[in-house]
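Residue numbers start from 1 in every chain, and the chains themselves are labelled A, B, ... in the order their sequence lines are given, proteins ahead of strands.
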Protein chains: 2
Amino acid sequence: MDSCKNKEITFDNETLARFAKAMGHPTRIEILRFLASLDSCYFGDIHNELPISKATVSQHLKELKDAGLIQGEIETPKVKYCINQENWEKAQLYFEQFFHSQQVKAFCCK
Amino acid sequence: MDSCKNKEITFDNETLARFAKAMGHPTRIEILRFLASLDSCYFGDIHNELPISKATVSQHLKELKDAGLIQGEIETPKVKYCINQENWEKAQLYFEQFFHSQQVKAFCCK
DNA sequence: AATATTGTTCGTAATTTTACGAACAACAAA
DNA sequence: TTTGTTGTTCGTAAAATTACGAACAATATT
C-alpha cells in the first residue's frame, strides 16, 4: 500500500496555469521549440536564435526553469540548457486532460 | 487549386503564446473547466463558482474572449457564455503539435 | 415613473512583466 | 597578471496584469 504515492498527479488549476503562463510569451515558445528540437544546447546558441539582449534571454530562461519546463547545467564557462523531460511530459498530460475534459456536458442554465 | 485556403493553419508562436497566456491564471483555468463541462451558462453562474468580484470575473471573461477561447451572447438581461468550439479545437491542436515537436532531435552543442 | 436584476465599464492602486545596459562572477588563456 | 569568454544579476523604466468598488446601461417589473 502507498506504493503509488509518487505517481499521483493532481490536475490542479494552479499547476496548469503555471505551465501555461510560462508558455505565454512568443519568445519563450520559441525557446521551448528550439530546445525541444535538440538534445541540449548552450545559452549562446539560444541567444543566437533570438533578436534580444542576453539579459532578457537569461530572464526568460529563468522563468521557464522556475516553471519546471527546462533545466540548466553549468559546463564552465558555458551553461547547457535542455527540456526537463519529466515536467514536459507532465505538462503535456495536463494540457491533454484539460482539452479533453469537455466530453461530458450538461446544462447549467434553466 | 486554392481549395484548402481556409483550412491552412500556421503554428506560429504568437498564436500559441496567446492561447497559453489566456490560460495562464488559475481563475481563468477554472472558468474554462467550468464552461467545458457545460454546453453554456450565464455570467451569474460563473460568478457563483468563484470567490471574486463580478468586475474581476468580467475582466477574466473578456481576456478569454479576446483570446478566442470563449464567446458570449446577450440574452437580456443575462449574458450567456460558452466555449468557442472552433478555437478550442485549434488551441488543442496547437498544444498537441507543440508537445510532440520534440520527436526529432539533434545536437547543437559541439 | 420608480425599482430591481444582470453584467459591463470606469477609475484606481498594487503588483508583475518585459526589456535593456552595465556591472559582475567564474574560469581559461596569453 | 592581464585579457577574453560566457552568462547571470542588478538597477531601472515602461507597460501590462490583477483586483476592487462605484457608477452605469439595458431591460423587466411593480
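Listed by chain and number, the residues in a side-chain contact (heavy atoms from CB on, under 4.5 Å) with K65(B) are I70(B), Y81(B) (sequence neighbours excluded).
When atom types are taken as modelled, the side chain of H47(B) and the backbone of F43(B) share no donor-acceptor pair closer than 3.5 angstrom.
Proximity of Q85(A) to E89(A): side-chain heavy atoms (C-beta onward) are separated by under 4.5 Å at one or more points.
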Check the interface with nucleotides 24-30 of chain C: list each N/O to N/O pair with the protein under 3.5 Å, or write none.
none

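The CZ atom of R28(B) sits 9.0 Å away from atom NZ of K21(B), with the distance rounded to the nearest 0.5 Å. Separation of atoms OG1 (T56(A)) and NE2 (H60(A)) is listed at 6.0 Å; rounding is to 0.5 Å. Interatomic distance, CD1 of I29(B) versus CG of L64(B), reported as 8.5 Å (0.5 Å rounding). Note: L61(B) CG to T27(B) OG1 = 10.5 Å, rounded to the nearest 0.5 Å. Taking CD of E30(B) as the reference point, atom CD1 of I46(B) lies at 11.0 Å (rounded to 0.5 Å).
For the helix from dA1(C)-dT30(D) to dA30(C)-dT1(D), the end axes, each set by the C1' atoms of five terminal pairs, are bent relative to each other by 10° (nearest 10°).
In terms of heavy atoms, L69(A) sits closest to A91(A) at CD2-CB, 4.0 Å. Contact between P26(B) and A17(A) at its shortest, heavy atoms only, is N-CB, 3.5 Å.
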Query - Working for side chain to side chain contact (heavy atoms under 4.5 Å, CB included), residues D39(B) and C82(B) - result: CA-CA 7 Å; D39(B) 264 355; C82(B) 63; over 6 Å; no

Query raised in the report: What's the verdict on ring pair (Phe, Tyr, Trp, His ring centres under 6.0 Å) for F95(A) and F99(B), showing C-alpha distance, side-chain angles and the deciding distance?
Result: CA-CA 10 Å; F95(A) 280 102; F99(B) 280 109; 5.6 Å; yes

Query raised in the report: Step by step, would you call N13(B) with Y94(B) a side chain to side chain donor-acceptor pair (under 3.5 Å)?
Result: CA-CA 9 Å; N13(B) 296 340; Y94(B) 265 71; over 6 Å; no

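Across all strands, I52(A) comes closer than 4.0 Å only to sugar-phosphate atoms, never to a base (heavy-atom distances).
Annotation: proximity of residues 21-31 of chain B to DNA chain C (heavy atom, distance under 4.0 Å) is found for no residue. For the contact set between residues 56-67 of chain A and DNA chain D, defined by any heavy atom under 4.0 Å, the members are S58(A).
Interface limits on DNA chain D: the 5'-most and 3'-most nucleotides within less than 4.0 Å of chain B heavy atoms are dA16(D) to dT27(D).
In this structure, the CZ atom of R18(A) is 16 Å from the C1' atom of dT16(C), given to the nearest Å. Computed from coordinates, the I74(B) CD1 to dG7(C) C1' distance equals 9 Å when rounded to whole Å.
Side-chain atoms of E63(A) and Q59(A) form no donor-acceptor pair, as typed in the model, at a separation below 3.5 Å.
Taking the six-membered ring where the residue is Trp, W88(A) and F98(B) present tilted rings, their angle falling between 30° and 60°.
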